Amino acid sequence: MYVVTVIPIKKGIGKEYLTYFSAQDIPLGTVVTVPVRSKMIDAIVISIENAVSMKSDLKSRDYELKKIIGIKGRSPFTKEFFIACERMKDYVVSSTGNVIEKMIPNVYLENIKDLKEIAYLDIENGLENIKHEKLIFQALEEDRLAFYRTLIREAFAKKQSIFICVPTRYDIENWKSGLVKGIEKYVYAFHGDINKKTLIKMYNDVINESHPIIIIGTGMFLSIPRQDIKTIILEHESSDSYKQFGKPYLDTRSFVEVFSSITKTKLIFGDTLLRPDTLYRHEQGELGEIASPLFRLPQAERQFVVDMKNEVDEKGTKKFTVLSDKTKKLIATTIANKESMFLFSIRKGLAGVTVCHDCGHTLLCPQCSSPVVLYGSKQRTSTKIEQSRIFMCNKCGHKETTEVSCKECGSWNLTALGIGTDRVREEIIEYFPKANVIQIDKESTSTDKEARNAIDSFYKNKGSILIGTELAFSYLNTQVDHSAIISLDGLLSIPSFNITQKILHIIEKLHYLTSNNFIIQTRNTDNKILDQILSGNILPLYREDLKERKQFGYPPFKRLIKITFAGTASDTNKARVFIDKILSQYDPQVFSAFIGKVKGQYITNTVIKIDPAEWQLPIQGRKPVPSELAQNLAKLPPSFSINVDPEDLL
């Protein structure tokens with residue numbers, strides 16, 4: 001009999017290792033089926049010992065070992081991939097099994113016996129003296145495509161393969177169409193929407209193909225054990241789609257960097273505009289370059305900025321409206337000419353701006369000129385907690401009472417407004433009752449199937465108007481005739497340290513998607529972000545953004561860790577006390593989430609900021625010992641969600 005130690009490949013188990021017995025010797029790296037409580041789960045064998053040599057140890061245990069139920073087969077990933085998962089577990093405060101589950105397609109674990117076995121090489125051995133090359137490539141998409149075509153030819157000549165990692169299915173289709181000409185039979189595009197039978201066939205085809213290949217896929221397909229891959233391209237590097245939803249909140253970009261450091265694979269960070277963190281690392285000499293980074297946005301054919309303060313009614317009086325006259329005329333043209341139009345907005349609940357009802361001026365922060373947002377605030381008196389309201393800037397944190405007047409006209413007639421997708425739809429229907437209006441956001445299209453049906457209807461029915469959030473970008477795969485940003489000010493009011501970057505990328509995407517007219521609606525035409533975008537040179541904007549990040553303690557100057565708790569009012573108060581107790585030395589900032597209540601539960605966020613050197617990405621050569629902070633975070637009950645390197649602090 002043998003005593004087998006395994007790592008469970010399932011979230012919620014609560015333990016890194018489990019021990020079972022087996023009547024037969026099982027090779028390390030084998031995937032087995034084991035019982036955990038009343039369920040059967042997958043696990044990977046990491047240690048096996050003869051029970052005879054452990055007799056005394058087994059007798060001293062206060063529990064009985066259970067038997068391994070079944071052997072599924074050799075793991076469908078390499079030793080190096082496993083090591084990357086193991087290293088990432090400490091960084092994201094999780095378990096190796098959780099990371100594996102998030103980074104490998106479930107279809108491969110469920111159908112191991114249908115996958116071709118390969119001879120695994122210990123490629124880590126002998127790579128000690130090879131430098132891990134990491135390069136940035138910030139250029140327009142057409143320039144990156146041209147370079148990648150040359151890179152592919154050179155790789156094929158050296159009998160090397162390339163993996164192009166992208167964040168979404170749309171990116172896969174986009175990059176495949178730009179790269180396949182002449183090498184179609186050697187390009188494999190993997191994504192999660194492919195059916196089981198095809199995914200298994202593609203896996204085996206990739207293993208059997210003797211010629212170098214190109215794999216274009218999302219991060220989980222890095223697990224495919226093609227060991228001649230010598231270059232990984234991390235394309236559209238700035239996309240927040242790389243950050244996974246749900247525990248353990250893995251960032252695929254971080255995993256790719258750790259994995260490539262183990263295999264000493266060349267890594268290229270590519271985008272029209274890379275993340276400020278990545279550009280800063282380049283400035284510090286940590287990353288090399290393909291070419292000097294270009295700080296320019298592509299330009300739309302016809303771009304217009306509409307000052308919404310100047311909108312008037314039929315009597316010539318200034319008024320608040322969601323749609324400008326120019327946008328309404330363009331909608332009418334779209335319907336009449338059977339064209340297509342996309343209106344970008346933010347989802348319901350995330351578009352708070354305050355405007356003067358008399359002159360239309362937007363209330364701005366006196367310190368940084370960003371739109372301020374109306375918040376509810378709890379003020380403690382000597383006897384009770386009273387509810388009050390304040391204006392707060394989500395960018396710099398400046399607060400002021402609601403007893404303020406319009407800086408433009410002196411009026412006290414200030415109105416808090418939300419300009420989300422629902423409100424945009426209502427106004428379109430008011431002016432164009434017969435229009436075919438389609439909406440894509442998390443509330444209207446909660447499933448992938450619903451979103452695909454919506455986008456199919458949009459393209460099929462000419463003259464349609466699509467209203468969408470960033471979610472729509474994952475489904476728009478063909479250019480539209482016209483587009484508009486409904487409220488640039490609403491975007492600026494979102495509480496995110498990444499908002500400048502987010503706005504730049506939204507405008508970049510809309511430029512690529514729009515073949516004719518592109519409208520930006522705003523009540524603050526003097527905004528410096530807009531000025532730089534219109535000038536075409538965004539280098540000063542990047543410099544200013546970096547300066548503000550340093551001033552307010554945001555990445556890359558601080559590592560952020562967000563801890564979220566959801567529960568009843570009573571549980572939330574207990575959670576706050578608990579967090580204060582175990583994390584007091586890290587000055588935790590505890591606050592209600594921007595959307596403070598979901599499905600009857602109160603959402604509370606805690607954010608701590610630490611020196612990045614104290615919590616480093618576990619790339620090759622670094623062997624960080626779990627710090628006291630990591631140990632304290634690991635003690636948190638499952639009701640707390642830990643998000644290292646969050647995209648925002650919502």
Side-chain angles (χ1 to χ4, degrees), residues 1-90 94-104 106 108-128 207 223-225 227 258-259 262-263 618 620 623-626 631 634:
M1 188 176 80
Y2 297 89
V3 176
V4 183
T5 302
V6 302
I7 288 179
I9 309 175
K10 186 72 175 177
K11 65 180 180 181
I13 301 302
K15 292 186 177 181
E16 174 72 2
Y17 308 108
L18 297 173
T19 307
Y20 296 86
F21 76 86
S22 170
Q24 62 184 99
D25 192 0
I26 304 175
L28 300 184
T30 298
V31 177
V32 295
T33 303
V34 297
V36 176
R37 295 186 281 274
S38 59
K39 297 181 179 179
M40 300 297 167
I41 67 167
D42 291 333
I44 184 168
V45 175
I46 62 165
S47 171
I48 185 165
E49 293 186 57
N50 194 306
V52 174
S53 62
M54 298 181 64
K55 187 176 293 185
S56 59
D57 180 53
L58 291 172
K59 287 182 178 179
S60 65
R61 295 179 187 241
D62 57 1
Y63 60 90
E64 185 179 347
L65 289 183
K66 294 182 179 179
K67 182 181 180 181
I68 287 178
I69 301 301
I71 298 174
K72 301 188 75 169
R74 193 74 177 269
S75 63
F77 47 80
T78 62
K79 170 187 172 184
E80 290 70 32
F81 184 85
F82 174 80
I83 293 172
C85 293
E86 193 174 37
R87 289 184 180 170
M88 282 299 299
K89 76 148 182 340
D90 292 327
S94 187
S95 67
T96 304
N98 284 1
V99 176
I100 292 174
E101 185 186 38
K102 288 289 186 179
M103 290 306 301
I104 183 171
N106 191 47
Y108 293 154
L109 286 174
E110 291 179 347
N111 299 275
I112 289 177
K113 291 185 177 178
D114 294 328
L115 304 179
K116 180 178 174 59
E117 274 198 29
I118 66 168
Y120 291 92
L121 304 173
D122 185 2
I123 63 174
E124 220 184 353
N125 187 30
L127 294 179
E128 294 84 0
I207 302 304
S223 59
I224 296 175
Q227 294 176 323
V258 171
F259 179 62
I262 295 169
T263 59
Q620 187 74 345
K623 294 184 179 179
V625 177
Q631 293 170 5

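Because the structure is a prediction, the values reported are computed rather than measured.
- The main-chain N or O of Pro8 is never found under 3.5 Å from a side-chain atom of Tyr17 such that the two would form a donor-acceptor pair.
- The shortest side-chain heavy-atom distance between Val36 and Leu18 falls under the 4.5 Å cut-off.
- Separation of atoms CZ (Arg74) and NZ (Lys113) is listed at 15.5 Å; rounding is to 0.5 Å.
- In this structure, CE in Met103 is found 9.5 Å from CZ in Phe259, a value given to the nearest 0.5 Å.
- Side-chain contact check for Val45 versus Thr5: every heavy-atom pair is 4.5 Å or farther apart.
- Inter-residue side-chain proximity for Thr78 and Gln227 is flagged as met; some heavy-atom pair is nearer than 4.5 Å.
- Looking at heavy atoms from C-beta onward, Ile41 lies in side-chain contact with Ile13 at the 4.5 angstrom threshold.
- Rounded to the nearest 0.5 angstrom, Ile48 CD1 and Thr30 OG1 are separated by 8.5 Å.
- Of all the heavy atoms in Ala43 and Val34, the pair that sits closest is CB-CG2, 4.0 Å.
- Sorted by first then second residue, the salt bridge (charged side-chain N to carboxylate O under 4.0 Å, His left out) pairs that include residues 24-43, not counting sequence neighbours, are Asp42-Lys72.
- Contact check for Pro225 versus Ile207: side-chain heavy atoms found under the 4.5 Å cut-off.
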### Task
Before giving the answer on side chain to side chain contact (heavy atoms under 4.5 Å, CB included), spell out for Val31 and Tyr108 the whole-Å C-alpha distance, their side-chain angles and the decisive distance to 0.1 Å.
CA-CA 11 Å; Val31 177; Tyr108 293 154; over 6 Å; no
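- Annotation: the span from Ile7 atom CD1 to Ile46 atom CD1 amounts to 4.0 Å, rounded to 0.5 Å.
- Rounded to the nearest 0.5 Å, atoms CD (Glu101) and OG (Ser94) are 9.5 Å apart.
- Of all non-hydrogen atoms in Leu109 and Ile112, the two that sit nearest each other are O-CG1, 3.5 Å.
- Using a 4.5 Å cut-off on side-chain heavy atoms (C-beta onward), Gln24 and Ile71 make contact.
- Contact check for Ile26 versus Tyr2: no side-chain heavy atoms found under the 4.5 Å cut-off.
- Atom NZ of Lys89 sits about 10.5 Å away from atom CD1 of Ile100, to the nearest 0.5 Å.
- Residues Pro76 and Ile104 share a closest heavy-atom pair of CG-CD1, 3.7 Å.
- Of all heavy-atom pairs spanning Val258 and Arg87, the tightest one is CG1-CB, 4.4 Å.
- Across Asn98 and Lys11, no two heavy atoms sit closer than the pair OD1-CA, 2.9 Å.
- Residues Ile69 and Pro35 share a closest heavy-atom pair of CG1-CD, 3.7 Å.
- The shortest distance between side-chain heavy atoms of Val4 and Phe21 does not fall below 4.5 Å.
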